[in-house]
Amino acid sequence: DGRSVVNSMINYVTSPIAILANPQYNITDTSDIFNNEELFASYVKTWSEHIDSYKSNKNKYLLIKAEYLKSYVSKAAEDICEYMAINLDLSNIKDYVGYKVLSKQAPNHILIKNNKWQDNFSKRNVEIFKDIAGDNLINMGYVTDNNW
């Protein structure tokens, strides 16, 4: 869900570890991004352009949504292997991929359960997101229309 991606991006770029590794990330308070309409819109646009790029090249990619990977690790791995025409023993796949494993290996890149977009987006943020990327949310099946 692009709303979760944008929320996660904003929380990541303001985190101490991201700022230490990327001094150009000089905003340390998420509210400074959420309250800056132009800056917030740039994050939404980045996500939307990423999705547009996928759509224009979708015959070259296999879309695996994070929600699907989280709920169906083994099936997602099977789908990937089938798409790539490779034969792997996937009996222990959950030992190597999935949210539990990834959260240990890259904790700053895993969505924090108690930090949801609904808690951070203002009404104006929602309007901006709908204007820029509402169609992509609909096309990807995250919402059925822009009444969210």
Side-chain angles (χ1 to χ4, degrees), residues 1-58 60-81 83-84 88 90 92-144 146-148:
D1 185 324
R3 298 164 295 186
S4 292
V5 172
V6 168
N7 186 63
S8 183
M9 287 168 47
I10 291 170
N11 281 279
Y12 176 72
V13 300
T14 58
S15 69
I17 195 163
I19 293 170
L20 185 61
N22 303 281
Q24 71 273 21
Y25 299 167
N26 55 9
I27 298 175
T28 59
D29 189 339
T30 59
S31 65
D32 290 340
I33 298 174
F34 286 109
N35 293 328
N36 181 325
E37 291 182 12
E38 185 177 322
L39 188 54
F40 178 80
S42 73
Y43 282 86
V44 176
K45 187 176 179 185
T46 296
W47 177 79
S48 190
E49 288 173 349
H50 176 76
I51 297 306
D52 290 341
S53 173
Y54 160 75
K55 289 188 310 189
S56 67
N57 293 290
K58 68 180 177 181
K60 298 177 185 176
Y61 298 96
L62 173 66
L63 176 65
I64 301 287
K65 292 182 180 180
E67 299 85 359
Y68 181 70
L69 179 60
K70 185 176 182 181
S71 297
Y72 307 102
V73 173
S74 297
K75 179 66 174 122
E78 288 173 20
D79 293 348
I80 293 166
C81 288
Y83 178 81
M84 296 179 70
L88 293 176
L90 300 173
N92 294 327
I93 193 70
K94 289 184 180 185
D95 294 338
Y96 302 103
V97 298
Y99 276 78
K100 288 181 182 177
V101 174
L102 294 175
S103 64
K104 291 176 188 169
Q105 295 175 1
N108 293 307
H109 290 280
I110 300 296
L111 184 63
I112 300 167
K113 288 181 182 180
N114 60 357
N115 191 352
K116 297 179 181 178
W117 71 265
Q118 298 93 324
D119 298 332
N120 294 315
F121 282 28
S122 67
K123 285 184 179 185
R124 182 65 184 133
N125 293 143
V126 169
E127 291 171 9
I128 291 168
F129 202 102
K130 287 178 184 181
D131 289 344
I132 295 171
D135 288 345
N136 277 332
L137 283 180
I138 293 167
N139 292 335
M140 295 191 72
Y142 287 108
V143 294
T144 56
N146 271 328
N147 295 319
W148 46 271

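Note that these values count all heavy atoms, side chains included, but never hydrogens, waters or copies made by symmetry. Positions are given from 1 along the sequence. It should be emphasised that the depicted structure is a prediction, and the values quoted were computed from it without experimental measurement.
- Judged purely by atom type and a 3.5 angstrom limit, Lys55 has no side-chain atom pairing as donor or acceptor with the backbone of Asn136.
- In this structure, CG on Leu69 lies 10.0 Å from OG on Ser74, to the nearest 0.5 angstrom.
- No more than 12 heavy atoms of other residues, nucleotides or ligands lie within 6.0 Å of OH in Tyr61, so this atom counts as exposed by the packing criterion.
- Aromatic pair Trp47/Trp117: centroids not less than 6.0 angstrom apart.
- Interatomic distance, CD1 of Ile33 versus OH of Tyr43, reported as 4.0 Å (0.5 Å rounding).
- Looking only at distances, a side-chain donor or acceptor of Tyr142 sits under 3.5 Å from a matching main-chain atom of Asp1.
- Between the side chain of Asn22 and the backbone N or O of Ala18, at least one donor-acceptor pair lies under 3.5 Å.
- With contacts defined as side-chain heavy-atom distances shorter than 4.5 Å, the pair Trp148/Leu137 qualifies.
- Proximity of a side-chain donor or acceptor of Ser71 to a complementary backbone N or O of Glu67 within less than 3.5 Å is detected.
- At distances below 3.5 Å, not a single donor-acceptor pair connects side-chain atoms of Ser8 with backbone N or O atoms of Ser4.
- Once rounded to the nearest 0.5 Å, the distance linking CD1 of Ile132 with CD1 of Ile128 reads 6.5 Å.
- You'll find the side chain of Arg124 stays beyond 4.5 Å of the side chain of Phe40, heavy atoms only.
- Using a 4.5 Å heavy-atom cutoff, the side chains of Phe34 and Val6 are not in contact.
- Heavy-atom contacts from other residues, nucleotides or ligands closer than 6.0 Å to NZ of Lys45 number 12 or fewer.
- Side chains of Asp79 and Tyr68: a donor-acceptor N/O pair is present below 3.5 angstrom, by distance only.
- Counting only heavy atoms from C-beta outward, the side chains of Asn125 and Phe129 never approach each other to under 4.5 Å.
- Annotation for Ala133 and Val44: closest pair CB-CG1, 3.8 Å, computed over non-hydrogen atoms.
- Residues Arg3 and Val143 are in side-chain contact: their nearest non-hydrogen atoms beyond the backbone lie under 4.5 Å apart.
- Of the inter-residue distances, the one linking Ile80 atom CD1 with Lys75 atom NZ reads 11.0 Å to the nearest 0.5 angstrom.
- How far OH of Tyr12 is from CD1 of Ile19: 10.0 Å, rounded to the nearest 0.5 Å.
- Side-chain contact between Asp52 and Ser48: present, with at least one pair of heavy atoms (C-beta onward) separated by less than 4.5 Å.
- Residue Glu38 places its CD atom among 12 or fewer non-hydrogen atoms of other residues, nucleotides or ligands, all under 6.0 Å distant.
- Scanning all heavy atoms of the two residues, the minimum distance from Asn7 to Asn120 falls at OD1-ND2, 2.8 Å.
- A 4.5 Å side-chain heavy-atom check between Ile27 and Leu39 finds at least one atom pair inside the cut-off.
- No side-chain heavy atom of His50 sits under 4.5 Å from any side-chain heavy atom of Val5.
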